[in-house]
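Below is one structure, written out as structure tokens; the observations come after it.
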There are 2 protein chains.
Amino acid sequence: MPAPTLRDVAEAAGVHAATASRALNPATRGLVNADTARRVMKVAEQLGYRPNPIARGLKTSKSGTVGIVIPDLTNPLFPPIVRGIEGVLEPAGYSGLIVNTDNDPGREKWQIDHLRSRQVEGLIVATARVEHPLMRQLHREGVVMVMVNRRPEGVDVPSITPDDAAGVELAVRHLAELGHTRIAHVAGPQSTSTGVSRARAFRAAVRDLGLDDDPALVTTTASWSESAGADGLRRLLDSGEEFTAIFAGNDLIALGCYDVFFERGIDCPGRISVVGFNDMPFLDKLRPPLTTIAIPHQQIGAEAARLLLDAIADPSRPARSVLLPLSLVVRGSTAPPVVL
Amino acid sequence: MPAPTLRDVAEAAGVHAATASRALNPATRGLVNADTARRVMKVAEQLGYRPNPIARGLKTSKSGTVGIVIPDLTNPLFPPIVRGIEGVLEPAGYSGLIVNTDNDPGREKWQIDHLRSRQVEGLIVATARVEHPLMRQLHREGVVMVMVNRRPEGVDVPSITPDDAAGVELAVRHLAELGHTRIAHVAGPQSTSTGVSRARAFRAAVRDLGLDDDPALVTTTASWSESAGADGLRRLLDSGEEFTAIFAGNDLIALGCYDVFFERGIDCPGRISVVGFNDMPFLDKLRPPLTTIAIPHQQIGAEAARLLLDAIADPSRPARSVLLPLSLVVRGSTAPPVVL
DNA sequence: AGAGTTGCTGCAATCGAGTGCAGCATCCGC
DNA sequence: GCGGATGCTGCACTCGATTGCAGCAACTCT
């Protein structure tokens, strides 16, 4: 037996399909007699009627789907965000279409084209590059979207970002309170917005707290990866600079530092303390467990979805952006500096 | 300007919409004059025409989407599988709709209902429970689906499963070759199919290799989690049984063992060796790095998608199932037993 | 030359739901 | 008792693409 259609319901209730349509739609229900509406609804219930979203979408040009554009689902950063998004989308009757871009602009364009041809009503974009002509263009074309994890430059688009600056301040303050004064920073790629904003916030925090603001204590990596992080720390170590603590651009970079500690027999946190950023899963299983800054990923996703739904409902509403607070998670990789 | 429709293309090419439709569809292109077809295609290209999948779906009752049902996207096990799935779906013009069930049967039913009302053409299901009346029912109702990670009992549905038995054998053999003879097994929940199959394979491997097959060396956990794994090992330790190696039901359980090692000051691998299962990300960052069995997650996803597409294309085709080989990843958590 | 093919194209219906407009009955006020 | 408002329902068309069938021209065969 095929799924019952609106017509089946209408027939069974003894009314015209148009009436059934109105009775079933809360927004137009007022147009039909209350008794009739009740009858139609009961019949629909009995028949197990489910409106066909494809047919509905054809007429209303609403697909009930939004596109979720992320660089790589395999990166543990994103699944919680996705869950947060879906947690909000789902009760609203929307579904998310997830695509991976692998941070490749060509692929990204292709994927977004694909999403648009699937008639998504909006886009949640979580890519990292600073330069983003595609976003400007989409925005010009009237595509409703929300950015996650990065503030768009020169594009008037709502965004949800963790308050990186505050998080960095938290990390540096923690180190300062333990007594560290010479803190190094292994920063992420300066081609990413988080990379630059964290590095900037690091310098600011160091100055604010009256620590040694030495440019030689900052190095940048080629990518957000363990190997790049390890390279960064090696450079710092080989430069001969003195420091007793490291603030890593993110957890993967911190993990790279662990590799270097191991390969050079450096005691952590005895000799050098490390703070990461992101609070990836399983960090507490490391030796030592990594102290880091936790980001409310799920909440970020949820906020993003809410903003997007708002924007879909009223595209003319001005772009609103939210900054989410972060928190410090103290574990075993930080300790007071050795007294020389 | 709104997106160009088929009619726009037809008009611009000076033909009827029906002809344009046929010209654009490779399957029906033979019905139209080759020159006309070329012209239509060129015009479509120039106008940037993208067929509207909603409209198409309405007529063909094909949505071009498949449902991907997983317990929890946050579990690092699943993202690679999802990537593998999408890697196959995408070139075929399909999209995946991902839903999380949280292993809650009610939620699962709700989610699957939701997917079906979205007209998915098939389902890739990656849940873990052995008992699964819902699956039987869906299968009876003619829903095309493929199971991942578990073999359905009494349901004639294609499935992709890692060859658990072979993987377990690999792990136990590795331990045996190092010289261990009394190997314990902290098994996963016996309410899950992988839990029972791994436990069964463990006993078989132990017997085959001529090791001590002592039921007291096997304990089962309440869930696939670190804390449950820790509880399991504590029980084993407190029972007073002697053993020099542990085969953990999965990596999380192994991680729980690490916690117990730490809390009781047990040296690993000096005093006790451990082998995990799954090869989660970042296991190489642990101290000691965990020896484990790697599962070709991405390949599993890809195979599942291929099987599903086959089944969609020809629903009458008999259920085919594939068993994927696993591999041993030797890291630092295994060593020869101490000589007493 | 007339009948029958073949090859291509257009007409019109269809999928399932949504919606402007017209029609009809009822009821109100004067 | 009549004009007009009000409330509800049905008709018919629309969204964009697909497809069975009919139509028509050119060509083949006898």
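Since this is a predicted model, take the numbers as computed values, not measurements. Protein chains get the first letters and strands the later ones, always in sequence-line order, with residue 1 at the start of each.
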I'd like to know if the side chain of [X] and the backbone of [Y] have a donor-acceptor N/O pair within less than 3.5 Å.
X: B:Glu121; Y: B:Val66; value: no
X: B:Arg22; Y: B:Arg29; value: no
X: B:Ser63; Y: B:Gln119; value: yes
X: B:Asn100; Y: B:Leu73; value: yes

Measure [atom1]/[X] against [atom2]/[N] and give the value in whole Å, please.
X: A:Arg29; N: D:dT9; atom1: CZ; atom2: P; result: 14 Å
X: B:Leu6; N: C:dT14; atom1: CG; atom2: P; result: 20 Å
X: B:Arg7; N: C:dA12; atom1: CZ; atom2: C1'; result: 11 Å
X: A:Tyr49; N: C:dA17; atom1: OH; atom2: P; result: 3 Å
X: B:Asn52; N: D:dT18; atom1: CG; atom2: C1'; result: 13 Å
X: A:His16; N: D:dC13; atom1: NE2; atom2: P; result: 12 Å
X: B:Asn33; N: C:dT9; atom1: CG; atom2: P; result: 5 Å
X: B:Leu58; N: C:dT14; atom1: CG; atom2: C1'; result: 9 Å

*For A:Glu11, does the CD atom have more than 12 heavy-atom neighbours from other residues, nucleotides or ligands under 6.0 Å away?*
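No, not enclosed.
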
Can you check whether [X] has a side-chain N or O nearer than 4.0 Å to OP1 or OP2 of [N]?
X: B:Thr36; N: C:dT9; value: yes
X: A:Thr5; N: C:dG16; value: no
X: A:Ser61; N: D:dC15; value: no
X: B:Thr60; N: D:dT18; value: no
X: B:Arg56; N: D:dG16; value: no

*5′-ward residue of the pair A:Val15/B:Pro51 relative to DNA chain D*: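 On the 5' side of the pair lies A:Val15.
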
_Residue A:Ala18, side-chain atoms from C-beta onward, closest of D:dG10, C:dA17, D:dG16_ =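 Ranking D:dG10, C:dA17, D:dG16 by closest atom to the A:Ala18 side chain puts D:dG10 first.
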
*Which pairs count as salt bridge (charged side-chain N to carboxylate O under 4.0 Å, His left out) when at least one residue sits in residues 31-40 of chain A, sequence neighbours excluded?*
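Counting only pairs at least two positions apart or across chains, the salt bridge (charged side-chain N to carboxylate O under 4.0 Å, His left out) contacts touching residues 31-40 of chain A are A:Asp35-A:Arg38.
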
*If we fit an axis to the first five pairs and another to the last five of the helix from C:dA1-D:dT30 to C:dC30-D:dG1, what angle do they make, to the nearest 10°?*
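Axis angle across the helix from C:dA1-D:dT30 to C:dC30-D:dG1, nearest 10°: 50°.
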
*Could you say whether B:Ala55 or B:Ala17 is positioned toward the 5' end of DNA chain C, judged by the nucleotide with the nearest heavy atom to each?*
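Upstream on the strand: B:Ala17.
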
*For B:Ile54, report the nucleic acid contact type (base, sugar-phosphate, nothing); a contact means any heavy atom under 4.0 Å.*
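Result for B:Ile54 = nothing.
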
*Return yes if the base of D:dG10 and the side-chain atoms of A:Arg22 contain a donor-acceptor N/O pair under 3.5 Å, otherwise no.*
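Indeed there is one.
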
*Between A:Ser95 and B:Arg118, do the side chains contain an N or O donor and an N or O acceptor separated by less than 3.5 Å?*
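Yes, because at least one side-chain N or O of A:Ser95 sits under 3.5 Å from a partner of the opposite role on B:Arg118.
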
*So A:Glu45 and A:Lys42, salt bridge (Lys or Arg N to Asp or Glu O under 4.0 Å) or not? Walk me through it.*
CA-CA 5 Å; A:Glu45 171 77 17; A:Lys42 215 175 82 190; over 6 Å; no

